[in-house]
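Just so it is clear: chains get the letters A, B, ... in the order the sequence lines come, proteins before strands, and each one is counted from 1.
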Amino acid sequence: MPRYQRPIGTRDIMPEDQPYWYYVRDRARHLAELAGFERIDVPIFEATELFARGVGEGTDIVDKEMYSFTDRGGRQLTLRPEFTAGVVRAYIENGMRVRLQPVKLYTFGPTFRYDRPQRGRYRQFTQFNVEILGEQDPAADLEVMLLAWDLYASLGFRDLAFQLNSTGCPQCKPGYVAVLKEYYAGHEDEICQDCRRRLERSPLRVLDCKAKQCQPIIAGAPHILDHLCTGCAEHFATLREYLDLLDRSYTINHRLVRGLDYYTKTVFEVWAAGIGAQSAVCGGGRYDGLAELLGGPPTPGVGFGSGLERIIMVMKELNVEVPPLPKPSVFLAHLGPEAKREALRLVNALRQADVGAYLAFGERGLKNQLREAGKRGVRYAVILGEDELAAGTATVRDMEAGEQTSVELAWLVEWLKARV
RNA sequence: GUGGGUGUGGCCUAAUGGUUAAGGCACCUGGUUGUGGCCCAGGAGAUUGUGGGUUCGAAUCCCAUCACUCACCCCA
């Protein structure tokens with residue numbers, strides 16, 4: 001056992017996995033920019049208070065999953081458990097309300113939750129995050145959902161399953177909560193311990209309880225969609241109409257309530273197989289009250305976060321191929337001190353000409369150097385020895401064909417550039 | 001935070017409680033002087049996660065601990 005190990009729930013992303021990461025980030029970036037989203041980067045840590053308020057006391061994230069610490073100046077800070085609170089903070093702090101509205105932002109980065117790790121869940125994970133701030137049009141909800149959809153589709157996901165619900169707004173949510181509580185009052189002794197607690201702290205969460213005994217109760221529970229105010233009902237109906245218009249199928253999920261406090265109206269998740277017991281690769285929704293809650297001007301917002309580790313896990317499950325990362329296709333072998341000097345000059349000239357090249361280190365036999373060239377997977381091995389130097393040439397070996405040709409040193413860079 | 005499973009060279013795997021912990025992949029060297037891959041030969045690499053205990057004797061049994069893993073809660 002090595003003396004030092006990764007902290008629990010963290011991972012090393014090895015070179016052989018990097019092609020997935022490059023590809024996914026590139027696709028996400030491309031699609032976001034196509035839709036007019038601009039990149040923003042916010043700090044990895046923020047004031048603890050921001051998340052406590054923004055995400056909400058009483059949520060699991062705030063109650064037991066935050067990586068919090070006190071810095072040397074006595075400030076209470078927390079590694080971000082999600083992006084939205086920080087992005088909204090940046091919107092307010094940088095006075096982005098004076099910009100052309102809405103402001104459409106995307107970002108990537110590590111995110112932290114102190115959870116017990118399992119398949120598809122890590123303490124440090126990576127999110128792709130998208131937000132539209134300053135727009136209440138259901139078309140904004142649609143845009144955000146389309147981006148998620150198109151990203152997964154372009155990454156090779158099949159049978160996309162969108163789960164959709166509305167959680168109402170401060171106008172209608174309390175009324176529904178009252179109805180729900182009343183309904184549950186009649187089943188007090190049939191539900192699980194956790195749900196009894198949930199009824200007090202965050203009543204909507206009883207709806208996604210997984211305990212067996214609670215299932216029949218949930219099945220008979222009133223639907224929030226039947227209790228939305230006119231505004232929320234219209235918003236939801238319009239969003240559905242738009243989704244239908246664009247042929248994006250979704251499932252109305254009355255039990256989808258999401259774990260964070262700030263959601264209003266639209267909530268959605270994207271489910272996928274292959275990520276262990278978790279099902280969501282993406283979760284998001286509308287949060288019209290969040291900016292105000294954080295001390296900013298009233299600003300409607302909608303967005304989502306998507307976990308890249310889970311995306312990549314699904315891609316591997318589906319055997320999605322990703323393009324390989326570029327690497328040199330030339331290897332410079334040399335025999336003798338004079339040849340090594342020439343190799344040094346050449347490797348530099350090649351790279352200046354934008355031709356990737358490996359240099360053989362040390363002083364070794366040709367056999368040894370060619371073996372390395374083979375293992376590095378290059379197309380051409382350039383051999384510089386006494387004979388070549390005397391003739392002012394290099395021997396270029398095509399490693400695939402096994403054929404060699406003599407090329408004048410003066411032309412070598414050009415010769416290789418034309419072929420790689 | 002709760003529960004189950006698992007820890008043997010870099011990776012994968014073997015070893016009825018009984019010699020010096022075995023093999024494969026990968027790695028290194030060589031198979032004559034300047035030619036890779038295939039093949040052959042050889043080499044290096046492990047105080048069996050750690051710490052205790054039982055035993056004449058422990059990779060193997062027991063306890064603890066750490067880690068990994070799967071699941072619950074919840075989420076990405």
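The aromatic rings of A/Y183 and A/H187 sit tilted, their planes meeting at an angle between 30° and 60°.
With both ends at atom C1', the span from B/rU47 to B/rA59 equals 13 Å, rounded to whole Å. For the C1' atoms, the distance from B/rG7 to B/rA14 is 16 Å, rounded to whole Å.
Nucleotide B/rG5 holds its C1' atom 16 Å from the CZ atom of A/R119, rounded to whole Å. With rounding to whole Å, A/R121 atom CZ is found 13 Å from B/rG1 atom P. Atom CZ in A/R25 sits about 16 Å away from atom C1' in B/rA76, given to the nearest Å.
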Between N or O atoms, less than 3.5 Å apart, protein on one side and nucleotides 35-37 of chain B on the other: list the pairs.
| from | atom 1 | to | atom 2 | distance (Å) |
| --- | --- | --- | --- | --- |
| B/rU35 | O2 | A/R397 | NH1 | 3.2 |
| B/rU35 | O2 | A/Q404 | OE1 | 2.6 |
| B/rU35 | N3 | A/Q404 | OE1 | 2.7 |
| B/rU35 | N3 | A/Q404 | NE2 | 3.2 |
| B/rU35 | O4 | A/Q404 | NE2 | 3.3 |
| B/rG36 | N7 | A/R397 | NE | 3.3 |
| B/rG36 | N7 | A/R397 | NH2 | 2.7 |
| B/rG36 | O6 | A/R397 | NH2 | 3.1 |
| B/rG36 | O6 | A/M399 | O | 3.3 |
| B/rG36 | N1 | A/M399 | O | 2.4 |
| B/rG36 | N2 | A/M399 | O | 3.2 |

Query - Dot-bracket encoding per residue of RNA chain B, Watson-Crick/G-U cut-off under 3.5 Å, | denoting interstrand - result: (((((((..((((....[...)))).(((((.......))))).....(((((..]....))))))))))))....

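Listed pair A/Q118 / B/rA71 meets the phosphate criterion, a side-chain N or O lying under 4.0 Å from OP1 or OP2.
Considering only the side chain of A/Q5, B/rA67 comes nearest among B/rA76, B/rC73, B/rA67.
To the nearest 0.5 Å, atoms NZ (A/K173) and CG (A/L228) are separated by 11.0 Å. From A/N165, atom CG reaches atom CD of A/E269 across 10.5 Å, with rounding to the nearest 0.5 Å.
Within the nucleic acid shown, A/F128 has no heavy atom closer than 4.0 Å to any nucleic acid atom.
Cation-pi check for A/R11 over A/Y122 is met; the charged atom lies under 6.0 angstrom from the ring centroid and within 45 degrees of its normal.
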